[in-house]
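Atoms within each ligand, like the ligands themselves, are counted from 1 in listed order.
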Amino acid sequence: MNPRNELDTPMFRLAVAQFDQAAELMGLDRNLRERLKLPDRSLIVSVPIRMDSGTVKVFTGYRVQHDSARGPSKGGIRYHPDVNLGEVAALAMWMTWKCALAGLPYGGAKGGVRVAPEQLSSAELQRLTRRYASEIFPMIGPDQDVPAPDVGTDAQVMAWIMDTYSQQVGYAVPGVVTGKPLSIGGSLGREEATGRGVVYVTLEAMRHLNLTIDQATVVVQGFGNVGSHTARIMHEAGAKVIAVSDKTGGLYRAGGLDIPMLLSRYQAEKQPLRDTKLGEWMTNEELLALPCTVLVPAALSEQITMDNAARIRCRILAEGANGPTTLDADPILTDQGVFIIPDILANSGGVIVSYFEWVQDAQRFFWKATDIQDRLHEIITTAFQRTIEFSTRRRTSMRMAALMNGIDHVAQAHLSRGLYP
Ligand code: NAD
């Protein structure tokens, strides 16, 4: 099998099409375009594990480093049955632009295993993680490539990766992953960071559009790490969160959902979303079409497409997920007056606080929660202001402005370093 063929998936095509559009608008050097379109390194690994039943099952894992001109590469690890090389490579490319846009000294990477984690026992999940970590061991390291959580992985998975890596080198290396538990060098505020960042940039967008949070209605698709923290922090900030969903469907209440009660039933008591009975039940498709001030897709990619874009009725689309909107849906949304906060800006709070965690690990010196929040606020609102200023000056969309900004930083790094040999 030719691995380059494996790259050719809808998500990789989306990432490349966005890149091509931005590169064209900025008149990017042709030679650089060729280099930046493909990942630097891609590793496909077999991950054999013994199941609790005694049989051996082999899963497929990936780690892709898209670019490392600006520093070690950084990016999450996804456990999901649809994971493939093209998806991981697309996510790695977006990480490159995201880190550059935020001014973090990182390149972009991503990893994943094609698995449905909820179908594994905790012991199987641990064996899978440890074997995957040892298979990608040659690629990762605190100065090389630093994984973090993404869909289907969490702080516990990061702890197992940190331990596996540390066992191999013979001493504790907290900086090899971010998003790990506090007990082994995690950072305060990392778990909620992506959601908090989504809220900070949404508040900036509201200020720009003369909207106020206490009048705002919010719809969140996906109620995992990003979605649940976004809903909670939006609620705490005074917005009315009228609908949330997970992969089973959505819960809607016109007067606003009781978010603290919902979190307690869904997360603490592990009730299915529908059984919480805190709102009316609807499909994800219906949820996306609800009239609202802010729509936050915080699940998977390609949720807003040419087919449903005309039905989207929000004022602000804050992309918590990576790649939730297809390229052909963008102009439809813009024509409807939707203000888009693109993924590489909207969800950059996660990697920004991951950066803080990595810095704290390197310094062996840990910060207060308020330091984390203040610094996150400063970096993400500066990135927002830079993007909106660029978008206004160049008369281009927020998505193109964010991409062009990110790509430009990476291009400058390549031009400074030159082409080896
Ligand atoms: P997660 O696994 O914690 O949550 C995903 C949620 O999406 C779950 O509630 C799941 O039920 C729901 N979901 C899955 N399929 C769905 C569907 N078809 N319709 C509606 N809901 C569906 O994952 P996460 O970490 O919250 O990541 C969500 C998105 O945010 C991903 O695109 C991820 O790449 C992106 N992201 C995550 C982080 C982070 O720090 N975790 C940072 C930046 C971006």
Side-chain angles (χ1 to χ4, degrees), residues 11 14-15 74-83 87-88 90-95 97-99 101-102 108-112 115-118 147-158 177-180 186-187 189-198 201 219-232 243-251 262-263 266-267 270 272-274 282-288 295-305 308 318-325 341-355 357 376 380:
M11 237 165 111
L14 171 62
K74 188 87 192 75
I77 289 176
R78 179 174 287 198
Y79 286 176
H80 192 276
D82 295 339
V83 164
E87 174 179 280
V88 175
L91 290 162
M93 186 189 281
W94 284 324
M95 284 305 297
W97 317 141
K98 190 185 299 183
C99 291
L101 174 65
K110 206 79 181 190
V115 60
E118 66 280 2
D150 190 71
V151 175
T153 59
D154 57 12
Q156 178 59 74
V157 170
M158 294 307 116
V177 288
T178 58
K180 57 193 173 291
S187 174
R190 171 59 186 91
E191 207 200 288
E192 63 163 32
T194 309
R196 182 167 290 283
V198 170
V201 286
V219 171
V220 183
Q221 185 205 35
F223 207 52
N225 175 292
V226 180
S228 64
H229 286 295
T230 300
R232 175 180 61 79
V244 302
S245 69
D246 67 8
K247 63 181 164 203
T248 62
L251 208 56
L262 180 59
L263 287 169
Y266 185 75
Q267 288 180 339
K270 306 262 177 254
L273 202 53
R274 189 172 198 161
M282 59 171 49
T283 64
N284 262 292
E285 207 45 51
E286 288 166 335
L287 174 129
L288 289 175
L295 173 62
V296 185
L300 297 176
S301 62
E302 296 163 283
Q303 296 299 301
I304 302 171
T305 64
N308 65 359
E319 296 184 334
N322 284 306
T325 312
I341 313 176
D343 48 6
I344 62 166
L345 172 61
N347 68 35
S348 62
V351 72
I352 293 170
V353 177
S354 273
Y355 166 61
E357 180 173 333
L376 166 63
I380 206 165

Review point. Does the side chain of N284 come within less than 4.5 Å of L288's, by heavy atoms?
Key: no

Exercise for review: Report yes or no: does a heavy atom of R190 sit under 4.0 Å from some atom of ligand 1?
Suggested key: yes

Study note, to complete from the structure: With heavy atoms and a 4.0 Å threshold, my read on which part of N225 contacts ligand 1 is both

Exercise for review: Please indicate whether any nitrogen or oxygen in Y266 is less than 3.5 Å from any nitrogen or oxygen in ligand 1.
Suggested key: no

Point to revise | Any N or O of N347 closer than 3.5 Å to N or O of ligand 1 | key: no

Which is closest to [atom] by heavy-atom distance: [options]?
{"atom": "atom 11 (O) of ligand 1", "options": "E319, E302, K247, E87", "result": "K247"}
{"atom": "atom 42 (C) of ligand 1", "options": "D82, V198, T194", "result": "T194"}
{"atom": "atom 28 (C) of ligand 1", "options": "A298, G349, P297", "result": "A298"}
{"atom": "atom 32 (O) of ligand 1", "options": "S301, A299, G152, G76", "result": "A299"}

**Study point:** N322: partners by side chain to side chain donor-acceptor pair (under 3.5 Å), with sequence neighbours left out
**Key:** K98, N347

Point to revise | With E319 via side chain to side chain donor-acceptor pair (under 3.5 Å) - residues at least two apart | key: T325, R399

Check your understanding: So which heavy atom in the protein is nearest atom 4 (O) of ligand 1, and how far is it from that ligand atom?
Key -> G224 CA, 3.2 Å

**Study point:** Carboxylate-amine/guanidinium proximity below 4.0 Å for E191 and R196
**Key:** no

Point to revise | Where S228 and Q267 come nearest, the two heavy atoms and their spacing | key: OG-NE2, 3.3 Å

Review point. Counting heavy atoms not belonging to E192, are there more than 12 under 6.0 Å from its CD?
Key: yes

